[in-house]
Amino acid sequence: MHINRILEEKLAEKVDWKKALILLGPRQVGKSTLVHKLARTLDPNFLLLNGDEIQTQELLSNSSLEFLKAYLGDSKVIVIDEAQRIPNIGLTLKLIIDNFNHVQLIVTGSSSLELASTVKEPLTGRKWEYRIFPVSWEEIRGWKGLAKAMSQLDSLLVFGSYPEILTHSGEKIPLLQNLSSSYLYKDLLNFQGIRKPELLGKLLQALAWQVGSEVSYNELSNTIQADKATVSNYLDLLEKAYILFRLNPYSRNLRSEITSSRKIYFVDNGMRNSIIGNYAPLSSRNDIGQLWENFLMAERQKLLNYHGFYGRTYFWRTVKGQEVDYIEEIDGEIHAFEFKWSPKSKGKIPDSFIKTYHPKTVKIVHRENYWEWLSTYPYS
């Protein structure tokens with residue numbers, strides 16, 4: 001059962017037989033499926049190398065040009081999966097790009113912990129880089145049509161949208177448990193910055209219960225009994241492993257604005273629910289507001305990422321509790337959004353925010369109009 005991914009066409013457009021195509025994103029979101037399909041259209045006999053394999057790691061780290069010419073032979077399309085596992089892969093890719101004529105390199109990575117840093121300098125001007133996520137609302141709508149996509153909203157809030165979850169309806173819980181236990185920490189635990197692996201689970205548990213709320217690093221350090229520097233470092237690593245993302249506070253004019261706290265969201269609702277072990281239906285949950293906000297935030301990030309948004313995103317809150325759930329700032333213009341599960345819930349953007357910042361867009365997003373907001377870029 002094939003789901004058309006938005007990046008499929010974008011990657012194909014960037015094939016130039018000169019620069020590397022680099023696709024980053026969490027494990028199991030469809031990176032390999034996408035790049036293998038592209039590679040087959042370019043050359044049915046493309047060369048596939050897997051960075052998870054020890055032999056590939058040994059052969060491609062610190063490789064000489066002479067060895068690479070013999071090893072890669074006449075291959076014109078070369079796919080390297082999970083390249084972050086290969087030491088010094090950036091220099092190896094640079095050697096290939098600079099010395100092999102009319103070769104298309106396609107590289108995937110499940111973490112920017114090492115891959116992004118190792119390829120940044122060697123591949124300056126030599127790569128096109130993209131991020132892929134679990135299947136987006138826009139992709140689900142294109143796959144099933146609006147009516148069927150909307151009928152799956154409850155399931156998306158609980159089980160998320162990893163490709164396997166969407167295509168194996170009767171096995172959602174074991175699949176999610178396998179994803180979280182087998183893949184969630186795979187790259188993190190191989191990274192030298194993780195000195196206390198047991199803290200990762202505690203930190204993720206604490207964050208999962210605070211989705212959509214402001215998070216204090218001091219509070220988190222007390223909760224998991226670790227110092228503030230460790231909490232900050234682990235949050236950074238979790239973000240680079242594409243497990244969660246942070247939203248910073250917006251502050252320009254008012255002394256009463258909150259400036260130090262952050263909001264934390266998970267890249268996928270299903271992964272968040274797997275961490276707390278709760279797959280109960282919405283009708284029996286007391287965290288619908290959190291699920292709704294995390295879903296909207298994750299889906300909006302996918303939409304913006306796929307369509308080239310270059311602005312900044314924030315939340316806003318004052319010490320007196322006035323707040324705006326989500327803000328987008330682009331080209332000097334402010335767009336403010338409030339999230340409500342029920343269309344009947346009273347919600348508004350605070351007058352103090354409107355008078356101070358004069359937002360161009362003010363919108364309440366609820367379960368009757370979300371489909372448009374998650375399908376239309378930039379604004380509706």
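Side chains are part of it too, since the values below use all heavy atoms of this structure and drop only hydrogens, waters and symmetry mates.
In this structure, W292 and L157 have side chains that are in contact, with non-hydrogen atoms separated by less than 4.5 Å. Residues D331 and Y310 form a side-chain contact, since some pair of their non-hydrogen atoms from C-beta on lies under 4.5 Å apart. Using a 4.5 Å heavy-atom threshold, the side chains of I264 and V211 count as separate.
Each ring pair (Phe, Tyr, Trp, His ring centres under 6.0 Å) pair with one or both residues in residues 53-84, not counting sequence neighbours, appears once here: F67-Y71. Within the structure, salt bridge (charged side-chain N to carboxylate O under 4.0 Å, His left out) pairs that include any residue of residues 282-291 comprise R272-D287, R285-D287 (at least two apart or interchain).
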For E214 and R262: C-alpha separation, side-chain torsions, deciding distance, then whether salt bridge (Lys or Arg N to Asp or Glu O under 4.0 Å) applies.
CA-CA 5 Å; E214 293 162 51; R262 303 289 182 271; over 6 Å; no
Given N305 and Y130, is the side-chain hydrogen bond (donor to acceptor under 3.5 Å, both in side chains) satisfied, shown in steps?
CA-CA 9 Å; N305 186 276; Y130 294 90; over 6 Å; no
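Checked against a 6.0 Å centroid threshold, the rings of Y357 and Y250 count as neighbours.
For the residue pair S352 / Q322, a side-chain donor-acceptor distance below 3.5 Å is found, with atom types taken as modelled. A donor atom on one side chain and an acceptor atom on the other are found under 3.5 Å apart for E293 and Y265. No hydrogens or angles considered: a donor-acceptor pair under 3.5 Å links the side chains of T108 and D81. Residues T230 and N233 have side chains that never bring a donor and an acceptor to within less than 3.5 angstrom of each other. Donor-acceptor pairing under 3.5 Å is lacking for the side chains of K344 and H366. Using modelled atom types and a 3.5 Å distance limit, the side chains of H307 and E138 yield a donor-acceptor pair. Side-chain atoms of S110 and K31 form a donor-acceptor pair, as typed in the model, at a separation below 3.5 Å. Checking E139 against S136 by side-chain atom types alone, a donor-acceptor pair falls below 3.5 Å. In the model, Y217 has no side-chain atom that pairs as donor or acceptor with a side-chain atom of S261 under 3.5 Å.
Exactly one residue among F295, W137, F339 makes a ring pair (Phe, Tyr, Trp, His ring centres under 6.0 Å) with W373. That residue is F339. The salt bridge (Lys or Arg N to Asp or Glu O under 4.0 Å) test with E328 singles out one residue from K360, R312, R300, K363, and that residue is R300.
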Name the atoms and distances for all side-chain donor-acceptor pairs under 3.5 Å in residues 9-18, with sequence neighbours left out.
residue	atom	partner	partner atom	Å
K10	NZ	Y306	O	3.3
D16	OD1	K18	N	2.9
D16	OD1	K19	N	2.9

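Scored by the side chain to side chain contact (heavy atoms under 4.5 Å, CB included) test, T41 finds L38 as partners (sequence neighbours excluded). Here T223 pairs with A206 under the side chain to side chain contact (heavy atoms under 4.5 Å, CB included) rule; sequence neighbours left out. In this structure N62 satisfies the side chain to side chain contact (heavy atoms under 4.5 Å, CB included) test together with N88, sequence neighbours excluded.
A salt bridge links K37 to E8: one of the charged nitrogens lies within less than 4.0 Å of a carboxylate oxygen. Under 4.0 Å is where a charged nitrogen must lie from a carboxylate oxygen, and between R246 and D236 at least one such pair does. Taking a cutoff of 4.0 Å between a charged side-chain nitrogen and a carboxylate oxygen, R85 and E82 do not qualify as a salt bridge. Salt bridge annotation for K355-D351: absent, with no cationic side-chain nitrogen under 4.0 angstrom from a carboxylate oxygen.
In plain terms, the two heavy atoms of L303 and L374 that are nearest each other are CD1-O, 3.8 Å. Closest approach of S75 to L47, counting heavy atoms only: OG-CB, 3.6 Å. Among all heavy-atom pairs drawn from P350 and W316, the shortest one is CG-CZ3, 3.9 Å.
For N101, the CG atom is loosely surrounded, since the number of other residues' heavy atoms within 6.0 Å does not exceed 12.
Judged by the 6.0 Å distance and 45° axis criteria, R141 is not positioned over the aromatic ring of W371. Taking the ring centre of F245 as origin, the terminal cationic atom of R131 falls outside the region bounded by 6.0 Å and 45° from the ring axis. Under the 6.0 Å distance and 45° angle rule, R367 counts as a cation-pi partner of W341.
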